[in-house]
Amino acid sequence: MSRVLTLTLNPALDLSIRLAELSPGSVNRSEESSMTAAGKGNNVARVLARHSHQVAVSGFLGRDNQAPFERAFHEWGAEDRFIRVAGETRVNVKLSEADGRVTDINGSGAPVDEAAMTQLLDDIEAGADNLHAVVVSGSLPPGVAPEWLSALIGRLRTQGLPVWLDSSGKALVQGTRARPVLIKPNEHELAECVGRPLPDEAALLSAARELQLGGIENVLLSLGAEGVVWLFEGGTLRARPPRVEVVSTVCAGDTLLAGTLHGVLEGWSREKTLRFATALSADAVRRIGVGRSDVEDFTALCDAVCVEALTI
Ligand SMILES: Nc1ncnc2c1ncn2[C@@H]1O[C@H](COP(=O)(O)OP(=O)(O)O)[C@@H](O)[C@H]1O
Ligand SMILES: O=P(O)(O)OC[C@H]1O[C@](O)(COP(=O)(O)O)[C@@H](O)[C@@H]1O
């Protein structure tokens, strides 16, 4: 069992709605809906806690609707170290249609002030002992600048902590400058990060390698249904998931990151780690929410993942 801190600076309540087909501009009827405590770091925490790691969750949480988060953290067995801020945590809407199409409507989040940012830094400094990894995931709320994120990652690194970063836009650009040990961009995020279009797989792989050679030890490039490419010093592994029935792709990226971190913390080989993480994220798309490894066919799912070494 390892100790992990997840930082979700901009958490969310995910309102997931399943419907046959979205008809914009008219009254739609849902087939199923649910509200879940989420946000990228929290989703990672949920998966890690389920795999027996000791997890602390932190970031900024709106005081006015914190009850469902507190219930969820308690249920997951995660230590709640969120800094409370004024107002409500955002609600993100996820519309999943029968054909697998997902429409995300993500809010901007509750504003965060300097005092809360200082409190978070102090709390991290006080509670960083014996951590095996820190996951920093998701977008930034109003008031938090990408440069602050970069400084935060720099500080964690100075404390000797391996930081895993999954973000987007300017936060990813600035966060990457502080050299986390791993980043997990999808293709759009990678293009934003290097500041140029990446029209095909060759362009994507060479941009990912560029970042890795520039000092990011691991780049985990996620490619949706096409799978994932893991670039590290001296090698590249590619994994392809089996075809699965798509219910919702929301949380697939968070599950992939959590599954990879689980394998690394367990000391597994990269091949075993990537196979597991790819299978876990394939399971995530079969359901609303994060992937599960306690399902009956999980071994078969792992066996069906195709892992190969690439020479790039
Ligand atoms: N349709 C799918 N079938 C099987 N696996 C999938 C599918 N979509 C995503 N995945 C898995 O989930 C991972 C993350 O998905 P991706 O969409 O790339 O991430 P993000 O949600 O961060 O954009 C992929 O690398 C892949 O392993
Ligand atoms: O912080 P962001 O980038 O707005 O993303 C938050 C959203 O991403 C999620 O964490 C899902 O992320 P992935 O689909 O990339 O795994 C949702 O739970 C949440 O609503």
Side-chain angles (χ1 to χ4, degrees), residues 6-14 38-45 47 58-60 89-95 102-112 134-154 156 163-199 203-205 207-208 210-212 214 216 218-231 248-258 260-261 277 281 284-285 290:
T6 61
L7 292 176
T8 315
L9 303 172
N10 203 8
L13 282 170
D14 278 0
K40 292 199 191 307
N42 287 336
N43 292 336
V44 171
V47 175
S58 185
F60 304 111
T89 293
R90 64 191 169 145
V91 174
N92 288 347
V93 180
K94 315 281 162 182
L95 301 167
V102 173
T103 305
D104 285 87
I105 307 172
N106 290 357
S108 57
V112 172
V134 179
V135 176
V136 182
S137 269
S139 59
L140 301 180
V144 177
E147 292 73 16
W148 184 86
L149 176 73
S150 185
L152 167 73
I153 295 172
L156 291 165
V163 179
W164 289 44
L165 173 69
D166 178 12
S167 194
S168 53
K170 288 190 181 132
L172 176 61
V173 173
Q174 285 296 330
T176 297
R177 290 200 178 141
R179 302 215 176 144
V181 77
L182 179 143
I183 57 172
K184 191 225 73 69
N186 61 26
E187 26 197 314
H188 309 291
E189 292 158 352
L190 182 62
E192 281 177 329
C193 191
V194 297
R196 61 175 192 272
L198 301 170
L204 284 161
L205 293 186
E210 211 172 282
L211 287 175
Q212 191 273 317
I216 312 292
N218 299 274
V219 177
L220 197 60
L221 168 63
S222 69
L223 300 167
E226 296 302 309
V228 49
V229 181
W230 184 358
L231 300 98
S248 167
T249 51
V250 178
C251 296
D254 300 340
T255 300
L256 176 72
L257 186 140
T260 308
L261 181 53
S281 58
V285 310
V290 295

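Side chains are part of it too, since the values below use all heavy atoms of this structure and drop only hydrogens, waters and symmetry mates. Here the structure is a predicted model, which is why all the values come from computation and not from measurement.
- Side chains of Ser139 and Asn106 form no contact here, defined as non-hydrogen atoms less than 4.5 Å apart.
- By the side-chain contact (heavy atoms from CB on, under 4.5 Å) test, Pro141 is found to be paired with Leu9, Asn10, Phe60, Val112, Val144, residues two or more places apart in sequence or in another chain being considered.
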Practice prompt. Take Leu205 and Leu221 through the side-chain contact (heavy atoms from CB on, under 4.5 Å) test and state the conclusion after the steps.
Written response: CA-CA 8 Å; Leu205 293 186; Leu221 168 63; 4.0 Å; yes
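- For the atom pair CG (Leu7) and CG (Leu152), the distance works out to 6.0 Å, reported to the nearest 0.5 Å.
- When all heavy atoms of Pro142 and Ala110 are compared, the closest pair comes out as CD-O, 4.0 Å.
- Across all their heavy atoms, Ala208 and Val219 have their closest contact at O-CG2, 3.7 Å.
- The closest side-chain heavy-atom distance from Ile216 to Leu231 is not below 4.5 Å.
- At a threshold of 4.5 Å between non-hydrogen side-chain atoms, the residues Val135 and Asp166 do not count as touching.
- Contact check for Leu223 versus Leu204: side-chain heavy atoms found under the 4.5 Å cut-off.
- Nearest heavy atoms, Val173 versus Cys193: CG2-CA, 3.9 Å.
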In residues 177-191, what donor-acceptor pairs under 3.5 Å come from side-chain atoms, sequence neighbours left out?
residue : atom : partner : partner atom : Å
Arg179  : NE   : Gly214  : O            : 3.4
Arg179  : NH2  : Gly214  : O            : 3.4
Lys184  : NZ   : Ser222  : OG           : 2.8
Asn186  : OD1  : His188  : N            : 3.1
Asn186  : OD1  : Glu189  : N            : 2.9
Glu189  : OE1  : Asn186  : N            : 2.9

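- Nearest heavy atom pair, residue Thr260 against residue Leu256, reads OG1-O, 2.7 Å.
- With sequence neighbours left out, the salt bridge (charged side-chain N to carboxylate O under 4.0 Å, His left out) criterion links Glu192 to no other residue.
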Item to complete: Tell me, with the steps shown, if Leu172 and Leu165 meet side-chain contact (heavy atoms from CB on, under 4.5 Å).
Response: CA-CA 8 Å; Leu172 176 61; Leu165 173 69; 4.0 Å; yes
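- A distance of 6.0 Å separates OG in Ser137 from CG in Asp254, rounded to the nearest 0.5 Å.
- Put simply, the side chain of Ile153 reaches to within 4.5 Å of the side chain of Leu149, judged on heavy atoms.
- Contacts of Trp164 classified as ring-ring contact (aromatic ring centres under 6.0 Å, His included), with partners at least two apart in sequence or in another chain: none.
- Considering only heavy atoms from C-beta on, Ser167 stays 4.5 Å or farther from Val136 through its side chain.
- Every residue two or more places apart in sequence or in another chain that forms a side-chain contact (heavy atoms from CB on, under 4.5 Å) with Thr8 is listed here: Pro11, Asn42, Phe82.
- Asp14 meets the side-chain contact (heavy atoms from CB on, under 4.5 Å) test with Ala12, Ser16, Ala38, Asn92, Lys94, Val250; sequence neighbours excluded.
- Listed by chain and residue number, Glu147 satisfy the side-chain contact (heavy atoms from CB on, under 4.5 Å) test with Ala145 (two or more places apart in sequence, or in another chain).
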